[in-house]
Colleague: 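Sharing a structure, written as structure tokens. Questions coming.
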Protein chains: 2
Amino acid sequence: MGIAERKERERLEMRQRIIHGAMQMFLEEGYEKTSIRNIAEKIEYSPATIYLYYKDKDELLYDVQREAFEQLITIFSKEATAEDPYKRLEQICRTYIKFGREHTEMYDLMFIIRAPMNVVDEQHLWTNGHDAFGFLVQCLSECIEQKLVRFKNVMTAALSVWAMGHGLVSLDIRCRFKVMEMTETDIQDAIEASINEYLELIKA
Amino acid sequence: MGIAERKERERLEMRQRIIHGAMQMFLEEGYEKTSIRNIAEKIEYSPATIYLYYKDKDELLYDVQREAFEQLITIFSKEATAEDPYKRLEQICRTYIKFGREHTEMYDLMFIIRAPMNVVDEQHLWTNGHDAFGFLVQCLSECIEQKLVRFKNVMTAALSVWAMGHGLVSLDIRCRFKVMEMTETDIQDAIEASINEYLELIKA
DNA sequence: TTGAAAAATAAACACTGTTTAGTAAATTTG
DNA sequence: CAAATTTACTAAACAGTGTTTATTTTTCAA
């Protein structure tokens, strides 16, 4: 009997509708102004309906986060295609920073806010970022193999590169660079200079 | 007449009482559970009273943030005292990371959350972090002067070192390192290794 | 001591995430 | 097909949030 299958399909469609509504709200109004009620209104359902498909807001945000990571991976696949691993590393870094600056609300959800990580407890591990991180790890392991970078351990390398990229993006997004008395454009240049200098530093 | 002076003094005392109540709430219950009502209850005043001393929550958080930065500067002054600038840079980095890990709620307020930065608009600049950042800049400019590091521009250097430190701390605090399938202690070691490796990388 | 000014608050407003109780629709059963 | 049952949905409420308003209490000056 195909009814169970159709129901399952409808259930997934509804979840997709909710995720999509949430993402639209993010992009239009920003993360802070995205409430369950707003999302419900956007998709023309009552707020209570959302709770038939998601246990709580965190669980919903976790699914939105997954969608966001899929977007990042798509961009990586398009922008970081160089054969040479070191060149690809450069592309990854620049793409990451560009992504953060252009999709601040999504970056927030992926790397800054606490909320969606609450559903990742002891047992269950965080799979959303897995492929994007894997992309970096793969690249760095090729770099190390071919002795193109000064790193020896892949995990330490990945941790470092990611930390540098995230540090620059998140301090910028959260306006902490205001401590340096510089214009907005000068700060952008300084971030650019920092990542360039870092890429030079780690070059073997 | 000394009444005006006393009133002014009492006003400052009240603000101090509010700031202190807020900090206590942070340390005891965490940032997320700190509401105006909670703070009011802690200092045994009505919520509305707080609004006689602070325009809104952001303005209050800004003052709490200032207090937090004063604590960080005090710790810097105690822990990063080496004569040799490069050694002092190492001390600064380690102290910063240790501070972030030990005072996660304060670190949140200082470097991660958006809230207190909303009061820092176009005109007015962010002075809270000024001295702590100055501490790093001073150290790095000595390092560059004595050719102890591979940086040439002080601001780029400060931006980079800060970004690396903040990247490691904030990704850790916000549980994003869960993407690497490692135990908590292994992650701590990897962070340690990363900062050590970075300090080696920038050494001239 | 009385009148004005200042300080504090109770109660409300508009929002939030979430739950409960009840309605409307779809499906299964007799 | 009609009745019974399960499923899908929602209105209304609960307990919380930041903030404002109208009112009361306290403090000070005349």
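FYI, side chains are in, hydrogens and waters are out, and symmetry mates aren't considered; it's all heavy atoms of this structure. So that the names make sense, note that chain A is the first sequence line, chain B the second, and so on, each numbered from 1.
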Colleague: I need the CD-P distance between B/Glu41 and D/dA15, as an integer number of Å.
Modeller: 16 Å
Colleague: My understanding is that only residues two or more places apart in sequence, or in another chain, count here; which of them pass side chain to side chain donor-acceptor pair (under 3.5 Å) with A/Glu181?
Modeller: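 For A/Glu181, the residues satisfying side chain to side chain donor-acceptor pair (under 3.5 Å) (neighbours in sequence not counted) are B/His130.
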Colleague: Residues two or more places apart in sequence or in another chain: which of them pass salt bridge (Lys or Arg N to Asp or Glu O under 4.0 Å) with B/Arg88?
Modeller: B/Glu142
Colleague: So B/Tyr54, base contact, sugar-phosphate only, or nothing? Heavy-atom distance under 4.0 Å.
Modeller: nothing
Colleague: By side chain to side chain donor-acceptor pair (under 3.5 Å), which residues pair with B/Ser46, not counting sequence neighbours?
Modeller: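 Per chain and number, B/Ser46 pairs via side chain to side chain donor-acceptor pair (under 3.5 Å) with B/Thr49.
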Colleague: Donor-acceptor pairs under 3.5 angstrom involving side-chain atoms of residues 12-21 of chain B: please list them, not counting sequence neighbours.
Modeller:
unit_1: B/Arg15; atom_1: NH1; unit_2: B/Tyr53; atom_2: O; d: 3.0
unit_1: B/Arg15; atom_1: NH2; unit_2: B/Asp63; atom_2: OD2; d: 3.4
unit_1: B/Arg17; atom_1: NH1; unit_2: B/Tyr45; atom_2: OH; d: 3.3

Colleague: For A/Arg9, enumerate each residue passing the side chain to side chain donor-acceptor pair (under 3.5 Å) test, keeping only those at least two apart in sequence or located in another chain.
Modeller: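 Counting only residues at least two positions away or on another chain, A/Arg9 forms no side chain to side chain donor-acceptor pair (under 3.5 Å).
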Colleague: Could you tell me how far apart A/Tyr45 (OH) and D/dT10 (C1') are, to the nearest whole angstrom?
Modeller: 12 Å
Colleague: Taking atom P of C/dT20 as reference, at what distance in whole Å does atom CG of A/Leu52 sit?
Modeller: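 Interatomic distance, CG of A/Leu52 to P of C/dT20: 13 Å.
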Colleague: Closer than 4.0 Å, any side-chain N/O of A/Thr49 to the OP1 or OP2 of D/dT10?
Modeller: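 A/Thr49 to D/dT10 OP1/OP2: side-chain N or O found under 4.0 Å.
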Colleague: Applying side-chain contact (heavy atoms from CB on, under 4.5 Å), can you list everything that pairs with B/Thr95, at least two apart in sequence or on another chain?
Modeller: B/Ile75, B/Phe76, B/Glu79
Colleague: Given 3.5 Å as the limit, does a donor-acceptor pair link the side chain of B/His103 with the main chain of B/Phe99, or not?
Modeller: yes
Colleague: If the cut-off is 4.0 Å, is B/Ser46 near the phosphate of C/dT9, judged by side-chain N/O to OP1 or OP2?
Modeller: yes
Colleague: Mind checking what makes side-chain contact (heavy atoms from CB on, under 4.5 Å) contact with A/Asp131, not counting sequence neighbours?
Modeller: A/Ile73
Colleague: Applying salt bridge (Lys or Arg N to Asp or Glu O under 4.0 Å), can you list everything that pairs with B/Arg101, at least two apart in sequence or on another chain?
Modeller: B/Asp172
Colleague: Enumerate the protein-to-nucleotides 16-20 of chain D contacts in which both atoms are nitrogen or oxygen and the separation is below 3.5 Å.
Modeller:
unit_1: D/dT17; atom_1: OP1; unit_2: B/Ser35; atom_2: OG; d: 2.8
unit_1: D/dG18; atom_1: OP1; unit_2: B/Ile36; atom_2: N; d: 3.2
unit_1: D/dG18; atom_1: OP1; unit_2: B/Lys57; atom_2: NZ; d: 2.9
unit_1: D/dG18; atom_1: OP2; unit_2: B/Ile36; atom_2: N; d: 2.9
unit_1: D/dG18; atom_1: N7; unit_2: B/Arg37; atom_2: NH1; d: 2.7
unit_1: D/dG18; atom_1: O6; unit_2: B/Arg37; atom_2: NH2; d: 3.0
unit_1: D/dT19; atom_1: OP2; unit_2: B/Tyr51; atom_2: OH; d: 2.6
unit_1: D/dT19; atom_1: OP2; unit_2: B/Lys57; atom_2: N; d: 2.8
unit_1: D/dT19; atom_1: O5'; unit_2: B/Tyr51; atom_2: OH; d: 3.2

Colleague: Check DNA chain D against residues 10-31 of chain B and give the residues with a non-hydrogen atom under 4.0 Å, in numerical order.
Modeller: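 Heavy-atom contacts with DNA chain D come from no residue of residues 10-31 of chain B; none.
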Colleague: For DNA chain D, please output the secondary structure as dot-bracket, reading 5' to 3'. Pairs are Watson-Crick or G-U wobble, both atom distances under 3.5 Å; mark crossing pairs with [ ], other-strand partners with |, unpaired with a dot.
Modeller: ||||||||||||||||||||||||||||||
Colleague: Using only heavy-atom distances, determine whether the side chains of B/Ser160 and A/Ser194 contain a donor-acceptor pair under 3.5 Å.
Modeller: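 Checked: B/Ser160/A/Ser194 side chains pair up, N/O donor to acceptor below 3.5 Å.
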Colleague: Between C1' on D/dA8 and CD1 on A/Ile43, what's the gap in Å once rounded to a whole number?
Modeller: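 Result: 14 Å.
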Colleague: With sequence neighbours left out, what residues match A/Thr34 under side chain to side chain donor-acceptor pair (under 3.5 Å)?
Modeller: none
